2 protein chains.
Amino acid sequence: MSFKHELFAQFARVGKALSNANRLELLEFLAQGERSVEQLSKVAGLTVANTSQHLQQLRHAGMVSCRKEGLKVYYRVSGDDVIDLLGALRAVAERHVTDVQHLVATYLTVKDDLEPIPREELLERVRDGLVTVLDVRPPEEYAAGHVPGAVNIPLGELEQRLEELGNPENENREIVAYCRGPHCVLAFDAVARLRERGMKARRLEDGYPEWRTAGLPVETT
Amino acid sequence: MSFKHELFAQFARVGKALSNANRLELLEFLAQGERSVEQLSKVAGLTVANTSQHLQQLRHAGMVSCRKEGLKVYYRVSGDDVIDLLGALRAVAERHVTDVQHLVATYLTVKDDLEPIPREELLERVRDGLVTVLDVRPPEEYAAGHVPGAVNIPLGELEQRLEELGNPENENREIVAYCRGPHCVLAFDAVARLRERGMKARRLEDGYPEWRTAGLPVETT
DNA sequence: ATAGTATTCAAGCGATTAGTAGAATACTGA
DNA sequence: TCAGTATTCTACTAATCGCTTGAATACTAT
């Protein structure tokens, strides 16, 4: 009978790792690919020491692994099952925590208007050459892996680099934007801006990590 | 940008619900079906007040719902996505927390010897009438739902009621036992005992909640 | 060696959490 | 109405958690 108790205690250790907003944010960044402690601390707005401590908690919970290269230590999620877990967590929060629905409704009012496109559908259209895929994440994240054929224009440079997207002969070609995940605001923003310019733009239903773990093809460099 | 932070804070609320061993145990029982506060407190070995408090935390995280009937309040998981989340948590713990592997190896040394059978395979064999399915959970849980055609013999009564399983004309008929979930010891025990008697017994890979949420047929009463 | 950099460790604080115990609430049946 | 029962609420304590600060470690380049 103590076996059972021990087992639940170990499961709870993984649960604990998920019980803090900053750790979840770190995990989401790690889901994009390998990152150093310093990068992570910047992006999450935490001190380096604090970030390091969170990362070690995640490591004890078996959710991330690390590798040392020279001075730097690079962390990564330790398997696709971790990304699945994050997805399941998100799903429950979205469906059952009314505050999340409220938040999403408040900040992403245009959510339904953006007509998100499912992964499989996008893949088909890419194969048929019907769409231009736009990756609005920072170049480092794009370099670590992206949807095949996607054009990388970080959100901040979108306005200046519009011509990279447009095909003069076919100005109504559809653009599908994606970013880090289903709640990342980058893609929402991009679609809104493109539409302001009269372009036909939609959003991928989720982000790059989900694309990759779904076993769909990816491209690097 | 505060949107993002708020969102992670809400996800963390769900994570917090998963961060305590007792709450996870309560959730596992709830995954079997509806239960009153008193039942839950008994089975988890907690005081009623404490159980009630845990349940309310789970409710605020949107993981359980409740319904009042007369004096009693019945709790239940608020959707199949919650069961998926528990499964994902278990999967990560099993694959990455070495202590879990150690625990399982120590207490369930026979795990591999029991040749667990996957859900789909069992369903086929049941259809072909090749196996006898044995549900070793308590009668209340059996009544709330079980694998079609399964015989219910709680573990404690197994030795006395062996004849309900055996077919005199075909003593080598295979028996597949299942219980609450992949780490519940009931089915392990049952298989071990049946094998001691020279019977051909195996274990279902996971338990009843997983069977049900996989969309496989269930039977009640 | 030495200086510089990335990360981890250790100690300490305020805030949060798990649990207990006892009172309060809500409902049922006599 | 009143007694009995299931659940929830309200303090309260001990333990844990998140974060900060400053020192320690590990590695690189000069």
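Throughout, protein chains are lettered first and strands after them, A, B, ... in sequence-line order, and every chain is numbered starting at 1. This one's a predicted model, so the numbers in the text were calculated from it and none came from an experiment.
Taking atom NZ on A:Lys68 and atom P on C:dT5, their separation rounds to 16 Å, with Å as the unit. What separates NZ of A:Lys42 from P of C:dT7 is a distance of 10 Å, to the nearest Å. Straight-line distance from the CG atom of A:Asn20 to the C1' atom of D:dT16: 13 Å, rounded to whole Å. When the P atom of C:dA18 is taken as reference, atom CZ of A:Phe8 falls 17 Å away, rounded to whole Å. The interatomic distance linking A:Leu55 (CG) with C:dA6 (P) rounds to 16 Å, in whole Å. In this structure, NZ of B:Lys16 is placed 10 Å from C1' of C:dT17, rounded to the nearest angstrom.
Looking at heavy-atom distances under 4.0 Å, B:Ser19 makes no contact with the nucleic acid at all. Nucleic acid contact class of A:Tyr74 (heavy atoms, under 4.0 Å, all strands): none. Contact annotation for B:Thr51: no contact, since no heavy-atom pair falls under 4.0 Å across all strands. B:Arg59 comes within 4.0 angstrom of no nucleic acid atom, judged by non-hydrogen atoms across all strands.
Of the residues near DNA chain D, B:Gln53 and A:Gln57, the one whose nearest nucleotide (by heavy atom distance) lies more toward the 5' end is B:Gln53. Residue whose closest nucleotide on DNA chain C sits further toward the 5' end, between A:Ser52 and B:Thr47: A:Ser52.
Ionic pairing of B:Glu28 and B:Arg90 is present here: one or more N-O contacts between side-chain nitrogen and carboxylate oxygen are shorter than 4.0 angstrom.
Taking 4.0 angstrom as the limit, B:Gln56 places a side-chain polar atom (N or O) nearer than this to OP1 or OP2 of D:dC9. Side-chain N/O atoms of A:His54 include none lying less than 4.0 angstrom from OP1 or OP2 on D:dC17. For A:Asn22, no side-chain nitrogen or oxygen approaches OP1 or OP2 of D:dG18 to under 4.0 Å. Contact annotation: A:Asn50 does not reach the phosphate of C:dT8 (side-chain N/O to OP1 or OP2, under 4.0 Å). Between B:Tyr75 and D:dA6 there is no side-chain N or O to OP1 or OP2 distance below 4.0 Å. Residue A:Arg23 places none of its side-chain N or O atoms closer than 4.0 Å to OP1 or OP2 of D:dC17.
Across B:Leu194 and B:Ile175, no two heavy atoms sit closer than the pair CD1-CG2, 3.9 Å.
For the pair A:Arg119 and A:Leu123, the minimum side-chain heavy-atom distance is 4.5 Å or more.
The main-chain N or O of B:Pro217 is found under 3.5 Å from a side-chain atom of B:Trp211 such that the two form a donor-acceptor pair.
Note on ring orientation: taking the six-membered ring where Trp is involved, the planes of B:Tyr142 and B:His146 are parallel (angle under 30°, cut-offs 30° and 60°).
Comparing C:dT7, D:dA6, C:dG4 by their closest approach to the side chain of A:Leu71 singles out C:dG4.
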